[in-house]
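Data block below; observations after.
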There are 2 protein chains.
Amino acid sequence: MSWETYLAEQQFRHQDELLQFLSIPSISSLPSHAGEVQRAAQWVAERLATAGLEQVQILPTGGHPVVYGEWLHAPGKPTMLIYGHFDTQPVDPLELWAHPPFEPTIIDDRVYARGASDDKGNMFTPILGVEALLKTEGALPLNVKFFLEGQEEIGSPQLPAFVASHRDLLACDLVLSSDGVQYGEDQPSLLLACKGLAGIQIDVRGAKSDLHSGIYGGAVPNPIHALTALLASLRSSEGAILVEGFYDSVLPLSAEDRAAIAAIPFDAQDYQEQIGVTALLAEPGYTSQEHLAARPTLEINGIWGGFQGEGVKTVLPAEAHAKITCRLVANQEPAAIVELLTRHVEKHAPPGVQVTVHALPGTARPYLIPADHWGNQAAADVLREIYGKEPYSIRAGGSIPVCELFLSHLGAYTVGFAWGLMDEQIHAPNEFFRLSSFQRGAGAYCKILHRLAEK
Amino acid sequence: MSWETYLAEQQFRHQDELLQFLSIPSISSLPSHAGEVQRAAQWVAERLATAGLEQVQILPTGGHPVVYGEWLHAPGKPTMLIYGHFDTQPVDPLELWAHPPFEPTIIDDRVYARGASDDKGNMFTPILGVEALLKTEGALPLNVKFFLEGQEEIGSPQLPAFVASHRDLLACDLVLSSDGVQYGEDQPSLLLACKGLAGIQIDVRGAKSDLHSGIYGGAVPNPIHALTALLASLRSSEGAILVEGFYDSVLPLSAEDRAAIAAIPFDAQDYQEQIGVTALLAEPGYTSQEHLAARPTLEINGIWGGFQGEGVKTVLPAEAHAKITCRLVANQEPAAIVELLTRHVEKHAPPGVQVTVHALPGTARPYLIPADHWGNQAAADVLREIYGKEPYSIRAGGSIPVCELFLSHLGAYTVGFAWGLMDEQIHAPNEFFRLSSFQRGAGAYCKILHRLAEK
């Protein structure tokens, strides 16, 4: 029997299993639901074992657990680490759900439930793919490890330490991530990059206390004026970052990179209208699309100082503050960027006020898989075959910390191989997943494991 | 008997009366104390009548009342309007008072009570001066009207309408204000000018809602960046205001004006240390003292937008706001300044965001009495005689709306003629007034009324 026939025959059983999985309220952010996250881990471990995985274990992390399973009987062949997560977002506001979020409901091609798309439905597909290959071919064409976690929705707080202390267990040649999306129902995409993050807070202090603007105005330095002058020096009106050395370690965009970015549909007019702005910025020499996808950014996230109430208060404030974060691209290092920002602020600090800078928490290194990486090429081949279209190469503006985590600790790039679609209401009421994606995903994993074995 | 002897003989009775007056808790900001403000008005009215004033009336304003009294039997002589107020600030924080604020306590030369210096002690001195002249000379050398109010500490909300509708009643050649200070215990001063006020709020709106800085950063205009660029364009780092036309109607400083400003002691080092800053600003071409005293200012009083909490939130905010006020000098007009500021903001508004400007409430026109005005000269003569020193000509950075109010509605300049000192804790716990000032003040009013009658 072919894996295709197996998956077709088992389709309704797999669907029933998905409904079971989705009915576990494994909300990782609620301490009261820790037992449910554990129950989901148990369900996943049992399902891995049923699929034919070995050494299946629920491993403690100090927080929510991870589930591990392996099939390593393909000596000389590469090892894939398959990543995903079985925890979910909370469900508030509950009243906006048409069906109870943990009573999965199928309507036409859609299964509605919290976690359906993010990430249980997606995460289940590689398990089914591996099962189909083992049941029909008796073996996998390469080595596979599953590494599924239960704390993604709370930022995976224990994951970095776990990965760092389990390098041998998790050693692999490539990571396939089942947590992600495709560009559209009939348009595949590959995740090429995501941005890093580094930020600072600037605190400006003037007089010891707020002063009467009539008595002191004009002679006593005003921290808000000092801060606005400082902030205005960081970025040009077009969006170019004016911090010395900021772009030094940025990998230049090749003509191919630019063509790949330009290939993704982008209607500036539509985009502006949707967002509600009347113009877009673009760093000189780059399109707005390139700036969004592949150029670092600097944004003031917050500013405050002095009087913010109704009416008027003629105060010369004692302090003013701003928070700034930068999204970084390969090969910018967060610590180096914080250093450059700090030096810029120190250099431009106006006289008479005290300016201090501190790094904000939550830094992330940028991630970029080379477009011609064998893992990326394999995924592109499979997607091209399934969809009949060239996949778009997506560079995400946000950060996906696991990609960088696996790269720095395991030396392995991550290829996103998942089936979510943008409209599936993840993190929102009435989340759903398409059953067609569920079926397509299982088969796609069969294909990519074969394709990667050819490496 | 001379008025000097009269005042000396009555000294202790007058002091007792002051304690009575100070024991009325006439806090104008507390609705619960409206009856006490009324009681203070009653006390003042009775005291005016006792002093020999005629047509004494408590007049309704729609809010706290005013008290009027007159002596108009000097045909051909000028008419003085004597201004002061009988309401007080609140007393919080009560626990910081060494004595109950409305149980006046004399210790050495000081009487401690809320309102002692601001303004009951000061306000009582012209009443005693007029009484002394009437009792000893049988007449005043010129015409006098008292106009004492009960709402100064809440910004005199009903006063402009009252003055506008009582021009005949209040008609005068000069106003003497008993609400104010002297430079020091042995250094007199005259108030030459106070600044006006005009302000705007700038609201910058970008996208319809806060956005993810990773997904949208770099292409979507950030209102905080737009706002900081706008604000940075308003003022040079030295404090010069860069708004086109801003200085056009400012009266230039003469060599005499500059000499008068320079004559007032100013130790920049001390000043900086007291305030806690390491440098002072000064508009190019002017000293810090000149900037403080006689040049218009522009200060950002408050700014806010985006995330202000602990830690980091990578938001691209939808809006940002700032409040700005300008202190104006003669002959700047608040409405014209608002217009110039608005035009500047509109001209410099960056593309992609919506920038709106609205005028802030609470405008005031600047006030300046010519240094050689006869009222000013008379006051200078009297102060010179009493203190044996040339008075400093003070230009206040704040606004004193009554000066401008009397000038525009009655056509009369105001000469500050009062005895408070800077250390007397007005608006703060343990407010006090010097009994020596109280005595000096009554006599000074006798002298200035004679001096002004010579005009």
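Each chain gets a letter, A, B and so on, in the order its sequence line appears, and its residues count up from 1.
Taking CG from B/Leu231 and CD1 from A/Ile303, the interatomic distance works out to 8.0 Å, rounded to the nearest 0.5 Å.
In this structure, no portion of A/Tyr286 lies under 4.5 Å from any heavy atom of chain B. Contact of A/Thr228 with chain B is made through backbone and side chain together, with heavy-atom distances under 4.5 Å. With a threshold of 4.5 angstrom between heavy atoms, A/Leu234 does not approach chain B through any atom at all. The parts of A/Pro221 that come within reach of chain B are both its backbone and its side chain, each placing non-hydrogen atoms under 4.5 angstrom from that chain. Contacts of A/Val353 with chain B are made by backbone atoms alone, with heavy-atom separations under 4.5 Å and no side-chain atom involved. When heavy atoms are compared at a cutoff of 4.5 Å, B/Leu298 approaches chain A by way of both its backbone and its side chain. Contact of A/Ser288 with chain B is made through backbone and side chain together, with heavy-atom distances under 4.5 Å. Heavy atoms of A/Glu238 lying under 4.5 Å from chain B are absent altogether.
Judged by distance alone, the side chain of A/Lys323 and the main-chain N or O of B/Glu310 form no donor-acceptor pair under 3.5 Å. A donor-acceptor pair is defined here as one N or O able to donate and one able to accept, closer than 3.5 Å; such a pair exists between the side chain of B/Asn222 and the backbone of A/Ile300. Of the possible donor and acceptor atoms, one in the side chain of B/Asn301 sits under 3.5 Å from a partner among the backbone N and O of A/Val315.
Residues of residues 196-207 of chain B placed with any heavy atom under 4.5 Å of a heavy atom in chain A are listed by number as B/Leu197, B/Gly206, B/Ala207.
Counting heavy-atom pairs closer than 4.5 Å to chain A, the top-ranked of the candidates B/Gln354, B/His212, B/Lys195 is B/His212. Across A/Arg235, A/His225, A/His291, the residue that shares the most heavy-atom pairs under 4.5 angstrom with chain B is A/His225. Looking only at heavy-atom pairs under 4.5 Å with chain B, the residue among A/Gly398, A/Ala232, A/Gly217 that has the most is A/Gly217.
The minimum heavy-atom distance between B/Phe307 and A/Trp304, with the atom names listed, is O-CZ3, 3.8 Å.
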